[in-house]
Protein chains: 2
Amino acid sequence: MAKGPEAAFREALRSNGLRVTPNRLRVFRVLARHSEPLTAPQLVGLLAGEGLNPATVYRMMPELTQAGIVHPVMVGHEHIGYELVSPYRPHHDHFVCEACGRTFDLAECGLEDAVVRLAERNGFRVTAHHAELHGLCPDCQRIGVGAEPPKV
Amino acid sequence: MAKGPEAAFREALRSNGLRVTPNRLRVFRVLARHSEPLTAPQLVGLLAGEGLNPATVYRMMPELTQAGIVHPVMVGHEHIGYELVSPYRPHHDHFVCEACGRTFDLAECGLEDAVVRLAERNGFRVTAHHAELHGLCPDCQRIGVGAEPPKV
DNA sequence: CTTTTTGCAAAGTTTTTGCACGCAG
DNA sequence: CTGCGTGCAAAAACTTTGCAAAAAG
């Protein structure tokens, strides 16, 4: 049987010199139960209910990022949100609709080969990538540009 | 002879219903003379010398983004920076070194085909993309992981 | 002349910090 | 034990807003 995601998380913490604490588990669970990236203020809000202090959240996110457990991605055109990365969540890229502003996940990106080539051609060694695509989502293509964005 | 970038900028403003003002030209010039993305606070600082009010900068960036003249990208793991987009600046992707934290430009990405396929396969119509690659830059590969980051 | 843009100043939010205590290893 | 992790409270930094004056077309 496969190891639970939370067990993997504990190991990832330890192997990065971070201790396993209740707060870190809470942050992990909140991220795990949301499919969309969460901004720092959102995390602060969601975790306040569990007694987490804002300062704790702000101190933790860079650590988890550094440890390769989460990564920050752009949300819309304005904010940075955190997402769990593989193996806690499968790799995916994002599509931002210019008309309605919504962000969609794109699975099975198929960009790996091209990304590796791009990096190697320039002397870099890639370990991860994230692509953000822009354009029109299916809804907005149908409605036509300039139409009212769909009620989200 | 080709039209100057500033003339193109003026046209882009007008065609988006934005007026051509000295402040907008100043912002454009600051972005044009920096190859790296500039964050809002950086822009505020750089333009303060020219008499620009912070509020003006904060109000302007979303307009220029909406008009497709600049776009926001992640800088390092923490901030959002603004860059001019094509035709004011050639398309390029970014490589963030996990070891030293520096961000590099990657020209001629060669990702277009794969990106278009990815989008169409999911019913989206792409107009632009931006990829962020992570890994080790040439310097840090040489030095070895864990070494001191090069003095930037 | 009409409408957009800007500066100013105040208010609101988000982030960072220092320090002392408490828990993980 | 020992030192990392956390809460708290204050400070700093960043952003947003309303309004009246100035500027663009």
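Lettering of chains follows the sequences in order, A, B, ..., and the numbering in each one begins at 1.
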Who passes side chain to side chain contact (heavy atoms under 4.5 Å, CB included) against [X], sequence neighbours left out?
X	result
V30(A)	R33(A), H34(A), L38(A), L43(A), L46(A), L47(A), E50(A)
A128(B)	H134(A)
P62(B)	none

Expressed in angstrom and rounded to an integer, what is the separation of [X] atom [atom1] from [N] atom [atom2]?
X	N	atom1	atom2	result
L25(B)	dA24(D)	CG	P	11 Å
F28(A)	dG5(D)	CZ	C1'	19 Å
Q42(B)	dC14(D)	CD	P	10 Å
L52(A)	dG7(D)	CG	C1'	10 Å
M60(B)	dT16(D)	CE	C1'	16 Å
R26(A)	dG5(D)	CZ	P	15 Å
L64(B)	dT5(C)	CG	P	10 Å
L47(B)	dG7(C)	CG	C1'	15 Å

Would you please name every residue forming a salt bridge (Lys or Arg N to Asp or Glu O under 4.0 Å) with R14(B), sequence neighbours left out? none
Can you sort out the partners of E36(B) under salt bridge (Lys or Arg N to Asp or Glu O under 4.0 Å), two or more places apart, ordered by chain and number? none
Could you encode protein contacts along nucleotides 17-25 of chain C as a string, one character per nucleotide from 5' to 3', using B for base contact, S for sugar-phosphate-only contact and - for no contact, with a heavy-atom cut-off of under 4.0 Å? BB-----BS
Exercise: do E83(B) and H130(B) side chains pair donor with acceptor under 3.5 Å: no
Answer yes or no: does a side-chain N or O of N23(B) lie under 4.0 Å from OP1 or OP2 of dA23(D)? no
